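Here's the structure, in structure tokens; my notes come after.
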Amino acid sequence: MSDDHDHDHDHDHDHGHAHAHSHAPANFNRAFAIGIVLNIVFVAIEAFYGWRINSLALLADAGHNLSDVAGLVLAWGGALAGRLRPDARHTYGWQRASILAAFLNALLLLVAMGSLVWEAVHRLASPQPMEGLTIMAVAAVGIVVNTATALLFMRGREQDLNIRGAFLHMAADALVSAGVMVAGGLALWLGWNWLDPVMSLLIAVVIVIGTWDLFRQSLHLLFDGVPDSVNPQAVYDFLAALPGVARVHDLHIWATGTSQVALTAHLVMPHGHADDVFLKHATDQLHARFEITHVTLQVMQEAFTTPCAAPPDLDASARLAVEITDAHPAHHGHAH
């Protein structure tokens with residue numbers, strides 16, 4: 001289904017259910033396939049020349065670049081799993097696989113940088129002579145391969161956290177290769193063999209800083225956190241301002257995948273019931289304003305459910321509205 005395909009249901013006088021489904025920003029199968037092949041070829045080249053000139057630096061970097069292949073395979077697997085159709089036991093499908101892939105990709109990159117720092121510290125203690133020309137040539141190939149692969153994922157990095165993970169992984173390695181090339185040139189020119197481990201440490205710090213946000217966001221989404229792109233207060237204000245809505249409670253917003261956001265909420269409408277026009281308007285606006293792609297609204301004339309705890313970042317009036325419960329405890333239920 002396309003982004004503009006909406007279908008609405010008015011099940012009965014008390015419930016409204018509305019959806020807007022959208023696919024991931026684009027199909028990146030070709031980008032993943034090209035990136036994996038390019039990086040396997042580069043690992044083979046780097047390992048061969050590392051063995052030929054007995055360069056521990058090149059051999060270690062070949063092992064590191066092998067983790068790039070694993071990262072791309074992981075991100076591709078997450079993207080493919082996210083497109084599997086839902087079934088009776090997995091009603092949201094496997095979209096969360098893309099979040100898990102983004103998290104594992106960030107974790108893999110942080111571990112790789114940790115091993116790079118470990119190696120750099122050891123080499124700083126005992127700098128080794130570098131064959132500058134060979135190292136510069138191999139690093140130049142690495143810059144081309146990693147930059148080309150990163151560019152394949154550039155247009156999808158803003159909309160999909162999983163694609164962003166693949167992009168960051170390859171951009172980070174392009175930066176590492178550039179650092180190796182500079183260090184090789186200076187070692188050849190000035191004999192500064194100590195510059196290679198120092199450059200590695202600086203690059204590792206830059207990459208960890210850049211990767212931390214990906215790690216934080218993906219971990220946040222794994223625990224059903226509200227995506228950073230959605231302002232829960234603004235969503236609450238929009239729902240509360242809908243015609244006929246007296247108050248809103250049990251508002252839940254979470255990500256089902258790296259490019260899919262879901263919402264459920266209870267709307268108290270004492271003087272009327274939601275019809276298809278109301279539900280379609282609410283769904284279209286939530287999609288257009290907040291990129292929320294799956295909307296479920298429960299409509300009631302009286303609040304007969306016991307609401308969940310208020311989100312901590314809602315203001316005082318919103319929290320008060322969430323905490324109001326029905327005056328007849330015998331009819332209390334709990335619905336999400």
Side-chain angles (χ1 to χ4, degrees), residues 1 3-22 86 91-93 95 221 223-257 259-336:
M1 297 180 190
D3 282 351
D4 59 355
H5 181 81
D6 301 309
H7 49 100
D8 308 283
H9 312 282
D10 187 15
H11 293 301
D12 52 41
H13 289 177
D14 294 326
H15 297 79
H17 194 75
H19 307 267
H21 297 289
S22 68
T91 55
Y92 278 114
Q95 296 175 33
L221 295 184
F223 285 92
D224 289 331
V226 177
D228 288 356
S229 61
V230 178
N231 180 343
Q233 181 64 58
V235 173
Y236 176 89
D237 291 343
F238 164 75
L239 291 172
L242 288 172
V245 174
R247 62 182 185 268
V248 179
H249 62 124
D250 275 359
L251 173 61
H252 298 280
I253 308 167
W254 73 101
T256 59
S259 61
Q260 300 282 337
V261 182
L263 173 149
T264 62
H266 295 174
L267 305 181
V268 180
M269 301 179 68
H271 304 298
H273 303 295
D275 56 14
D276 283 356
V277 173
F278 176 93
L279 292 173
K280 179 167 174 47
H281 170 72
T283 301
D284 289 346
Q285 289 300 306
L286 287 168
H287 192 193
R289 296 186 188 191
F290 308 105
E291 283 298 319
I292 296 173
T293 52
H294 187 106
V295 176
T296 304
L297 300 174
Q298 181 171 328
V299 180
M300 59 194 75
Q301 286 184 290
E302 295 183 16
F304 60 80
T305 60
T306 302
C308 298
D313 54 347
L314 295 185
D315 62 21
S317 61
R319 190 173 292 110
L320 178 61
V322 175
E323 290 171 353
I324 293 176
T325 59
D326 181 38
H328 306 287
H331 294 146
H332 281 187
H334 197 82
H336 297 277

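Residue numbers count from 1 along this sequence. Excluded from the calculations below are hydrogen atoms, water molecules and symmetry mates; all remaining heavy atoms, backbone and side chain alike, are included. Keep in mind the model is a prediction, meaning the values are calculated, not measured.
In this structure the side chain of T296 never reaches within 4.5 angstrom of the side chain of L263, judged on heavy atoms. W254 has its side chain out of reach of V261: every pair of non-hydrogen atoms, C-beta onward, lies at least 4.5 Å apart. Proximity of V268 to V245: side-chain heavy atoms (C-beta onward) are nowhere separated by under 4.5 Å.
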Notebook entry, point to check: For K280 and F278, what are the C-alpha separation, side-chain angles and deciding distance, and is it a side chain to side chain contact (heavy atoms under 4.5 Å, CB included)?
Noted result: CA-CA 6 Å; K280 179 167 174 47; F278 176 93; over 6 Å; no
Next item on the list: Applying side chain to side chain contact (heavy atoms under 4.5 Å, CB included), run through L242 and H281 and close with a yes or a no.
Entry: CA-CA 9 Å; L242 288 172; H281 170 72; 3.9 Å; yes
Next item on the list: Could you walk me through whether D250 and T264 pass side chain to side chain contact (heavy atoms under 4.5 Å, CB included), step by step?
Entry: CA-CA 7 Å; D250 275 359; T264 62; over 6 Å; no
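Of all the heavy atoms in L251 and P232, the pair that sits closest is CD2-O, 4.1 Å. The two residues I292 and A262 make their nearest non-hydrogen contact at CG2-C, 4.2 Å. When all heavy atoms of A255 and P227 are compared, the pair lying nearest together is CB-CG, 4.0 Å.
Distance check: H249 NE2 to L267 CG gives 8.5 Å after rounding to the nearest 0.5 Å. Atom NE2 of residue H266 and atom CE of residue M300 lie 5.0 Å apart, to the nearest 0.5 angstrom.
For the side-chain contact (heavy atoms from CB on, under 4.5 Å) criterion with I253, the lone passing option out of L286, N231, V226 is V226.
Judged purely by atom type and a 3.5 angstrom limit, Q95 uses its side chain to pair as donor or acceptor with the backbone of Y92.
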